[in-house]
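See below for the structure under consideration.
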Amino acid sequence: MAKLKILICGGGLAGNTLAFWLTRQQHDVTVLERFPNLRLTGLQIDIRGHGVEVMKRMGLEQAFLAHAVQEQGLEFVNSSGTRKAYFPANRSGQGLQSFTTEHEIMRGDFCRIVHDAVQGRARYLFGKTVQSLEQKGESVEVLYSDGEKEEFDLVVGADGQWSHTRNMMLDPGAPDPVTFLGAYIAYFTAPVRQQEGEEYNGTIYVAPGKRLMFTRRHRPDQIQIYLMTQDRSERMQNARKNGVEEEKSAFTEAFRGAGWKADHILQWLEESDDFYCERLSTVKMPSWCDGRVALLGDAAFCPSAATGMGTTSAIVGAYVLAGEIGEYCGGPGTKQALPSALKSYDQKFRPFMEQVQDGIDPESGYWTKIPTSPLGIAILNLLLGLAAFLRLDAFAKLIASEDVKGWSLPDYEGMDCRKS
Ligand SMILES: Cc1cc2nc3c(=O)[nH]c(=O)nc-3n(C[C@H](O)[C@H](O)[C@H](O)COP(=O)(O)OP(=O)(O)OC[C@H]3O[C@@H](n4cnc5c(N)ncnc54)[C@H](O)[C@@H]3O)c2cc1C
């Protein structure tokens, strides 16, 4: 196969998965990461449905399972910590996954596993970004932040929800593809030792005022903490602009007196050195490519943490993009065929993303229905308890979009490492 020279902006799971497949097709791949090294922070993520199959086709199942988080289930508690409902993980390998899947892993571990599987076959450039892109006939000229220039046959933006590549690709007057869904999520870890007899469970406490506190254990000496709020205050809206310390104090203000373990959690928040805050948002675009520039992962089609499908979508999308490049660009006229490969990626993968993002909007998302009053929360806990008792996976169905109907993962020649 004739080689293409490809630049991937972003060394997250989308970027590394694409690099994995494209280097197996012998293309000349550069991964550009804004951070000075591979960014391995982030809490627990999972992969579902077609994402599990792509991970297996990459030949990474053993490595994945060796690092998987063994979460046993998810409980809901009231303000005094009493369990009101419990949903065990679905480890049967059949049917829809529960909230806790059998493929849970820390983001950094999965990123490192994929990166290690690529290393040596792709060039990694850390600590710089692309300043501008210019499409010139059959190539794209890239100007880096350090003033250097380089030409590529294809540039892929896998640089996350706030993608700079997307900004450069879109016409100046194009509508903003990011929709804010009305909630903020804080993520951090705390040094809390496992107690005797304590299981690896996730615990959710719904607090009055549309606030949610969630803890889960992934190590004997550490827990993860997630805080979600629909706070509409100006302070919360502007916190991102003013840096991490301001985000921390906006969350402290929002959760003070929330009940359950709020006092401890706010203390851990203040001491945390891995605090990360997300404005819950989706990205939707009429096209994921323009000429020889394409977008992938959260940059193109962020489904938001509300779907639990961000990483699955990123790695399945990377597989389809690489597969279409392999199909179209395998013979003579490789470079000329590239725009058709990108269009085909868009056409084939879009029905998957339309289903994943279906119903995820600021007005009707499930998080907008979280009750505000103590009575509403007591009723919610009662209903969840009933669903758990009857073993209904209603809760998982409400929040997970893994059941992508009528869409089959395409098979591409040479793209199942279990066969080689
Ligand atoms: C630090 C971090 C922590 C996260 N934590 C969680 C979590 O706890 N739970 C969860 O569900 N999801 C989390 N996510 C999001 C999750 O990783 C993604 O939704 C999903 O895996 C899709 O990945 P992606 O590769 O498209 O985007 P991302 O994972 O966002 O990766 C994008 C990569 O591009 C890099 N980048 C950004 N701008 C540029 C630029 N201009 N040039 C070059 N590189 C650039 C970023 O540093 C990052 O490495 C986190 C993401 C990040 C970056």
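Read the numbers this way: they start at 1 and go in the same order the structure lists the ligands and their atoms.
Atom 27 (O) of ligand 1 has as its closest protein heavy atom Gly160 CA, 3.8 Å. Protein heavy atom closest to atom 31 (O) of ligand 1, with residue, atom name and distance, is Gly12 CA, 3.7 Å. Of the protein's heavy atoms, Ala14 CB, 3.9 Å lies nearest to atom 24 (P) of ligand 1. At the top of the distance list for atom 42 (N) of ligand 1, counting protein heavy atoms only, stands Thr129 CG2, 3.7 Å.
Ion pair Glu151/Lys5 not flagged as a salt bridge, since none of the NZ, NE, NH1 or NH2 atoms sits closer than 4.0 Å to an Asp/Glu carboxylate oxygen.
With a 4.0 Å cut-off on non-hydrogen atoms, Arg34 touches ligand 1 through its backbone as well as its side chain. For Ile45, every heavy-atom contact with ligand 1 shorter than 4.0 Å involves the side chain, none the backbone. Under 4.0 Å from ligand 1, not a single heavy atom of Trp162 appears. At a heavy-atom cutoff of 4.0 Å, ligand 1 is contacted by the backbone of Ala158 but not by its side chain.
Below 4.0 Å from some heavy atom of Leu32 lie the following atoms of ligand 1, by number and element: 43 (C), 44 (N). Atom numbering of ligand 1 starts at 1 in the shown order; those under 4.0 Å from a heavy atom of Phe35 are 47 (O). Heavy-atom contacts of Ala314 reach the following atoms of ligand 1: 22 (C) (cutoff under 4.0 Å). The His164 neighbourhood of ligand 1 comprises atoms 41 (N), with distances under 4.0 Å to a heavy atom of that residue.
A donor-acceptor pair shorter than 3.5 Å cannot be found between the side chains of Glu247 and Tyr184.
With ring centers used as reference points, His67 lies 6.0 Å or more from Phe110. Aromatic ring centres of Tyr205 and Phe214: separated by at least 6.0 Å.
Looking at ligand 1, you'll find an N or O of Leu13 within less than 3.5 Å of one of its N or O atoms. Any N or O atom pair closer than 3.5 Å counts here, and Arg39 shares at least one such pair with ligand 1. Among the atoms of Leu296, none of the N or O lies under 3.5 angstrom from an N or O of ligand 1. Ligand 1 has an N or O atom lying under 3.5 Å from an N or O atom of Arg107, backbone or side chain. Residue-to-ligand polar distances place Glu33 within reach of ligand 1: an N/O pair is separated by less than 3.5 Å. Checked against a 3.5 angstrom limit, the closest N/O atoms of Asp298 and ligand 1 fall inside it. When only interatomic distances are considered, the shortest N/O to N/O separation between Thr311 and ligand 1 falls below 3.5 Å.
Using a 30° and 60° split on the angle between ring planes, Tyr187 and Tyr276 fall in the tilted class, from 30° to 60°. The aromatic rings of Trp288 and Tyr345 are tilted relative to each other, their planes meeting at an angle between 30° and 60°.
Geometrically, Arg350 does not engage Phe301 in a cation-pi contact, judged by NZ or CZ lying under 6.0 Å from the ring centre and within 45° of the ring axis.
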